[in-house]
Amino acid sequence: MVDFSIDFQDTKIAFADKTDAELREKYRLFKLMNSPLLNSIGTGAAKFALSLGLPVDGLIKKTVFEQFCGGETIDECQRTIERLARSGIGTILDYSVEGKSTEAEFDATKEEILRTIRRADGDPYIPFAVFKVSGVAPFGTLEKIGTGQPLDAKGQVKYENLVGRVHEICALAAELEQPIFIDAEESWIQDAIDHLATEMMKRYNTGRPIVFNTIQLYRKDRLQYLRESRREAEREGYILGVKLVRGAYMEKERERAEELATDSPIQPDKNATDTDYNDALNYCLDHLDTVAFVAGTHNEESCRMLARLLHERSIAHDHPHVFFSQLYGMSDNLSYVLAAHGYNVSKYLPYGPVRDAVPYLIRRAQENTSVAGQMSRELDMIERELKRRKR
Ligand SMILES: Cc1cc2nc3c(=O)[nH]c(=O)nc-3n(C[C@H](O)[C@H](O)[C@H](O)COP(=O)(O)OP(=O)(O)OC[C@H]3O[C@@H](n4cnc5c(N)ncnc54)[C@H](O)[C@@H]3O)c2cc1C
């Protein structure tokens, strides 16, 4: 067997396409975000200023937005797409508008998602499109479906509209042979999303993966769900497409379970989540004939394990059913080093009007202070790279 070694601490590769000035700017911003106090003052002030209609868009755009987003339009993302492509990294255009509520707004979001699919068509550096079902449908309707509550006549119309939008998005993706992810969301709307995603996979994933559902391994029941989904796909003769993530709504999930005095769907501790996550990677790798999967993670150990397993089993690093993915602006050490070793890597690149991206940016800021050590690790690497360059 060929020896396996991969060095995720290789800051020279991780920051190869960043100038000294860009690194210093990133350092300054991450340092601010790493302070819980400044972070909460900053996010609170941003929300407050925006709610008063103060012109803070420009300031946000020049700082956090630039670090974590590609621009306000698809065209503005072009520079970043090309830059990532030069390092062998793909871009996933993620239209990050949230919290809309009217049917007209949902239609507008659907149209923008269709544009991202058309933009990706034929571009090897945009391997996937992506959307959130709650971006094209009322949350309340999804919740009713997800929790088995009846819909009134109006609700029924809204449901039919949402099904129509999801069908239109996936039909265009299939027509253009453009793989697309459906993001996972809160557990109380996830059954509705799973149902739609499975229907779309049955229809479009024969012979090759087009539609990818997302599985959150911080849920206790999801490893079993992954196994059942794969067996169903095998029985029905289609490829199961899955994006494996740990899950982003942990606090909300726990709060809701407490409020309703029900058992929390979330694993008892981080270790249990990590174990199920890595078991899910292994399971997918054992069934590559019927599963195509994406490891959507910033966890170094999970990335190392998957990279090592591919290598040890002599599976091509760029096997068409195995992908790694990170968020733009985060964990470049994983993305750039994996790409340099020939693995399939892409980054979610959120874009959209600055105002609409604020909830996304606030989540990033909060996640970066709450995920133990993530921000400190990033800061440490930038510091080491700046020192290395001075030598
Ligand atoms: C490309 C990409 C796509 C994504 N798409 C989605 C999506 O569609 N839906 C979604 O929900 N999220 C999505 N995420 C976010 C993801 O779910 C995680 O929140 C985030 O990536 C952090 O987890 P990690 O694997 O990177 O690393 P880590 O830092 O190792 O793990 C942190 C995660 O572990 C879990 N965790 C932490 N503490 C505990 C605890 N005490 N008990 C149990 N579990 C714990 C939580 O899920 C937490 O987010 C995506 C992430 C990426 C990179």
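Below, all heavy atoms of this structure are taken into account, side chains as well, without hydrogens, waters or symmetry copies. Whatever order the structure lists ligands and atoms in, that order sets their numbers, starting from 1.
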Under 3.5 Å: N/O of Q326 near N/O of ligand 1:
no
Would S325 count as being in polar contact with ligand 1, using the rule that some N or O on each side must be under 3.5 angstrom apart?
no
Do L327 and ligand 1 have an N or O pair less than 3.5 Å apart?
no
Below 3.5 Å, N or O to N or O, backbone or side chain included: is there any such pair between G247 and ligand 1?
yes
Distance filter under 4.0 Å to Y249 heavy atoms, resulting ligand 1 atoms:
11 (O)
Closer than 4.0 angstrom, basic N to acidic O: yes or no for R208 and E177?
yes
What is the distance from atom CG of D107 to atom CD of E112, rounded to the nearest 0.5 Å?
13.5 Å
Answer yes or no for K243: is there a heavy-atom contact with ligand 1 below 4.0 Å?
yes
Indicate yes or no: does K110 engage E168 in a salt bridge with an N to O separation below 4.0 Å.
yes
Decide whether an N or O pair under 3.5 Å exists between Y218 and ligand 1.
no
Say whether Q216, considering both its backbone and side-chain N or O atoms, lies within less than 3.5 Å of an N or O atom on ligand 1.
yes
Just to verify, what does Y328 make a side-chain hydrogen bond (donor to acceptor under 3.5 Å, both in side chains) with, not counting sequence neighbours?
none
Polar atom proximity, P268 to ligand 1 (N or O, under 3.5 Å):
no
Partners meeting ring pair (Phe, Tyr, Trp, His ring centres under 6.0 Å) with F323 (sequence neighbours left out)
F128
Does R254 reach ligand 1, in the sense of a heavy atom lying below 4.0 Å from it?
yes
Does the pair E232/K202 count as a salt bridge with the N-to-O cut at 4.0 Å?
yes
Quick one: does any side-chain atom of N213 pair with a main-chain N or O of G241 as donor and acceptor, under 3.5 Å?
no
